[in-house]
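This is a predicted model, so every value here is computed, not measured. Residue numbers run from 1 in the order of the sequence given.
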Amino acid sequence: MSESQSNITPPVGVPIESGSKENQEKEQSVPSQSQSESQSTAPAFKVWKPSNFVSRPPPPPPDEYFTPTASDLKLAQSQLSARTQAFTNAPLQLRATREAAEKQKKERYPYTTIRIRFTDRTQLEKVFPSTDKIKSVYAFVRNSLREDAKPIKFVLYEPPRRELKVSDTKVRDLTLADLHLAPSAVLLLRFEDEKLNGSTVPAPLASSVLELAQDLPPPPSPEDVVTPAKTEQTKSNNPLSGLTSGGLEKKVPKWLKLGKK
């Protein structure tokens, strides 16, 4: 019995029961040491095996596909107008407005998911706070490498040639959100030693990391992806698309009726 327990005297007439109901409830509410250790040792990242999926080019579209429709021309005109207006109004945008927009973006994406892709298509994935800097990503990757590969320098970059070097003052002092990596980004890895760069060279990851590797989920098939063009085409082919929910034809504007006379 410890000194603190020996100083505690129970009330008169109340026996001390080591297996009382209150003690049992406390023991059940407090997780065991083995459970807490298993939760603390759970991996905080994911490892994806090289994907065996080979993307096959889709069949060539028919000639009618390249003939723009009225809706295509209208959409292109609206996009062009919006882009021109954005370039025109950009210099007039106040600094406070830009800062408010950046703040709203940071609050919307407090975490950033980063995937590191090796040359053999093995991928490391981890979620970082968006306030972290790029050096946190470098430290995570280096700690995941084998001991013989840790001293070898490497660089992380976004395709095609945006290098995110820690030595670059324009990169190292910015957060992941400031680098426009939030909410998610895929970074490629290139070692200075060309022997480690190759599609047939296995990623030099530690054995404890490779043991956690799992298959990458296959991408959705083109048939499963519903695009706005497909939805619009379905509506145009539907003979009931011009009818309202009540089965009646939509009303024609008065000016159009006058033009037909």
Side-chain angles (χ1 to χ4, degrees), residues 48 51-115 117 121 123 125 127 130 157-164 174 176-188 216-261:
W48 303 107
S51 175
N52 296 326
F53 174 78
V54 179
S55 59
R56 297 180 179 178
D63 296 337
E64 294 80 5
Y65 176 81
F66 300 98
T67 302
T69 61
S71 59
D72 294 336
L73 296 176
K74 184 178 180 180
L75 178 61
Q77 180 64 29
S78 61
Q79 291 178 348
L80 180 61
S81 301
R83 187 179 303 174
T84 303
Q85 186 177 4
F87 279 113
T88 304
N89 298 335
L92 303 178
Q93 190 178 17
L94 299 177
R95 179 180 179 182
T97 306
R98 294 196 301 268
E99 292 179 353
E102 291 293 333
K103 182 179 179 181
Q104 183 180 6
K105 183 179 179 181
K106 292 178 181 179
E107 293 177 351
R108 183 179 180 183
Y109 303 114
Y111 297 98
T112 302
T113 303
I114 300 293
R115 274 192 183 182
R117 183 180 298 172
R121 294 178 289 118
Q123 299 184 73
E125 179 181 323
V127 179
S130 297
Y157 66 96
E158 274 189 312
R161 294 182 178 180
R162 187 198 178 194
E163 295 185 347
L164 302 174
L174 300 179
L176 299 180
D178 296 333
L179 293 173
H180 303 288
L181 299 178
S184 62
V186 177
L187 303 180
L188 306 185
L216 187 67
S221 59
E223 292 78 7
D224 298 336
V225 179
V226 179
T227 59
K230 183 183 295 186
T231 305
E232 184 178 354
Q233 183 178 4
T234 304
K235 290 182 179 180
S236 62
N237 295 333
N238 187 3
L240 301 179
S241 59
L243 301 180
T244 60
S245 59
L248 300 178
E249 188 178 357
K250 294 183 179 179
K251 294 182 179 180
V252 180
K254 293 183 179 180
W255 62 266
L256 186 57
K257 290 183 179 179
L258 296 175
K260 290 182 178 181
K261 291 182 180 180

Is atom OH of Y111 surrounded by more than 12 heavy atoms (other residues, nucleotides or ligands) closer than 6.0 Å?
->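 Not buried by this count: 12 neighbours or fewer within 6.0 Å.
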
Sequence-distant partners of R162, side chain to side chain donor-acceptor pair (under 3.5 Å), two or more places apart =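 Partners of R162 under the side chain to side chain donor-acceptor pair (under 3.5 Å) test: E158.
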
Do W48 and P217 touch side chain to side chain, with heavy atoms closer than 4.5 Å?
->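 SC-SC contact between W48 and P217 confirmed.
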
State, to 0.1 Å, how close D72 and P68 come at their nearest heavy-atom pair, and which atoms those are.
->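 Of all heavy-atom pairs spanning D72 and P68, the closest is OD2-CA, 3.9 Å.
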
Do the side chain of S130 and the main chain of A177 share a donor and acceptor less than 3.5 angstrom apart?
->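 Not at all, since once roles are kept as given, no pair shorter than 3.5 Å links the two residues.
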
To the nearest 0.5 Å, what is the distance between [atom1] on [X] and [atom2] on [Y]?
{"X": "L187", "Y": "Y157", "atom1": "CG", "atom2": "OH", "answer": "10.0 Å"}
{"X": "I114", "Y": "L181", "atom1": "CD1", "atom2": "CG", "answer": "5.0 Å"}
{"X": "Q123", "Y": "L188", "atom1": "CD", "atom2": "CG", "answer": "9.0 Å"}

Contacts of P110 that satisfy side chain to side chain contact (heavy atoms under 4.5 Å, CB included) - sequence neighbours left out | none

